[in-house]
Amino acid sequence: MTKEGVVGQLNTFLRGISMVPQGLMEEGTFIVDDDEIDKCLIFSLSDNIVTFAICRNEFTFRPWKKIIYYDGVTVSQSQQIPQTNRNMIDFEQFKQGLRKSIGTFLKELIEKIPNIKNDNDFIDIKSRVESI
């Protein structure tokens with residue numbers, strides 16, 4: 001974690017974040033994590049609302065265990081993801097924002113590193129994002 005944000009492997013992050021909408025529809029909760037860092041993103045879907053937060057990368061989430069969460073402004077400890085006006089969004093708006101922001105980022109990557117568009121991992125991530 002730096003003052004600019006969470007640092008992790010870009011490939012792992014993009015692959016994980018592009019899987020969130022499908023994971024939420026299938027499981028109701030989805031975690032984007034990386035074995036390399038001790039933070040993860042957790043997403044939950046209920047009543048067509050996505051709630052999300054950064055939390056400590058616990059390898060086993062147990063419902064009775066309190067976990068430290070960050071909702072973008074406040075750090076708290078809870079058994080559930082805190083729900084505030086800062087970390088909740090309509091599911092369709094979430095998917096549209098995800099598709100648009102990651103799509104824009106991928107276009108910028110292609111501009112800076114043109115050969116990346118031939119990389120199999122990149123192609124897979126791009127197709128996942130387009131299917132959101």
Side-chain angles (χ1 to χ4, degrees):
M1 190 96 157
T2 69
K3 65 180 181 176
E4 287 83 23
V6 176
V7 177
Q9 293 186 16
L10 184 59
N11 186 17
T12 303
F13 175 76
L14 289 175
R15 181 177 307 284
I17 201 80
S18 67
M19 295 170 63
V20 171
Q22 185 67 35
L24 287 174
M25 289 189 296
E26 292 172 0
E27 302 292 328
T29 300
F30 194 83
I31 299 167
V32 177
D33 62 353
D34 183 343
D35 293 340
E36 303 289 321
I37 60 174
D38 67 346
K39 306 291 185 283
C40 65
L41 297 172
I42 185 166
F43 299 85
S44 178
L45 179 63
S46 179
D47 297 326
N48 219 29
I49 300 293
V50 177
T51 305
F52 54 92
I54 297 172
C55 66
R56 183 178 304 180
N57 194 349
E58 301 284 341
F59 297 107
T60 316
F61 281 95
R62 295 170 287 226
W64 64 88
K65 185 176 180 182
K66 289 187 176 182
I67 297 173
I68 298 172
Y69 293 97
Y70 176 64
D71 67 5
V73 175
T74 306
V75 174
S76 61
Q77 191 171 15
S78 173
Q79 291 176 330
Q80 300 177 17
I81 303 171
Q83 295 183 330
T84 68
N85 62 352
R86 296 178 298 270
N87 70 335
M88 297 174 72
I89 187 170
D90 174 80
F91 187 50
E92 286 304 314
Q93 289 178 321
F94 173 76
K95 290 191 310 184
Q96 289 173 12
L98 198 60
R99 184 175 38 246
K100 183 177 179 181
S101 61
I102 296 175
T104 299
F105 180 75
L106 295 178
K107 286 178 186 176
E108 290 175 8
L109 271 180
I110 291 171
E111 288 174 11
K112 292 179 181 176
I113 311 167
N115 289 340
I116 198 168
K117 64 185 174 190
N118 301 321
D119 181 81
N120 288 334
D121 287 334
F122 181 84
I123 292 167
D124 180 51
I125 291 167
K126 190 172 186 282
S127 69
R128 285 180 191 268
V129 170
E130 290 169 351
S131 70
I132 294 176

So which heavy atom on [X] is nearest to which on [Y], and how close?
X: Gly23; Y: Phe30; result: CA-CD1, 3.6 Å
X: Ile81; Y: Ala53; result: CG2-CB, 3.9 Å
X: Asp119; Y: Asp121; result: OD2-N, 3.0 Å

Requested in this report: Decide if atom CG of Asn118 counts as having more than 12 heavy atoms of other residues, nucleotides or ligands within a radius under 6.0 Å.
Outcome: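 Count over threshold, so yes.
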Query raised in the report: More than 12 heavy atoms of other residues, nucleotides or ligands under 6.0 Å from CD of Gln77: is that the case?
Result: yes
Looking at [atom1] of [X] and [atom2] of [Y], how far apart are the two atoms once the value is rounded to the nearest 0.5 Å?
X: Lys95; Y: Ile89; atom1: NZ; atom2: CD1; value: 12.0 Å
X: Met19; Y: Ile125; atom1: CE; atom2: CD1; value: 10.5 Å
X: Ile116; Y: Lys126; atom1: CD1; atom2: NZ; value: 12.0 Å
X: Phe13; Y: Cys40; atom1: CZ; atom2: SG; value: 12.0 Å
X: Ser127; Y: Ile123; atom1: OG; atom2: CD1; value: 8.5 Å

Query raised in the report: Out of curiosity, does Met88 fall in the hydrophobic cluster containing Met25 (side-chain heavy atoms, cut-off under 4.5 Å, transitive links)?
Result: no
**Report entry** Hphob cluster co-occupancy, Phe122 + Val129, side-chain heavy atoms under 4.5 angstrom
**Finding:**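 Both belong to a single hydrophobic cluster.
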Which atom pairs, one a donor and one an acceptor, fall under 3.5 Å between side chains of residues 103-115 and the rest of the protein, sequence neighbours left out?
from	atom 1	to	atom 2	distance (Å)
Thr104	OG1	Lys100	O	2.9

**Report entry** Derivation of the side-chain contact (heavy atoms from CB on, under 4.5 Å) call for Thr74 and Thr84
**Finding:** CA-CA 10 Å; Thr74 306; Thr84 68; over 6 Å; no
For residues 41-52, dump all side-chain donor-acceptor pairs below 3.5 Å to protein atoms at least two apart in sequence or in another chain.
none

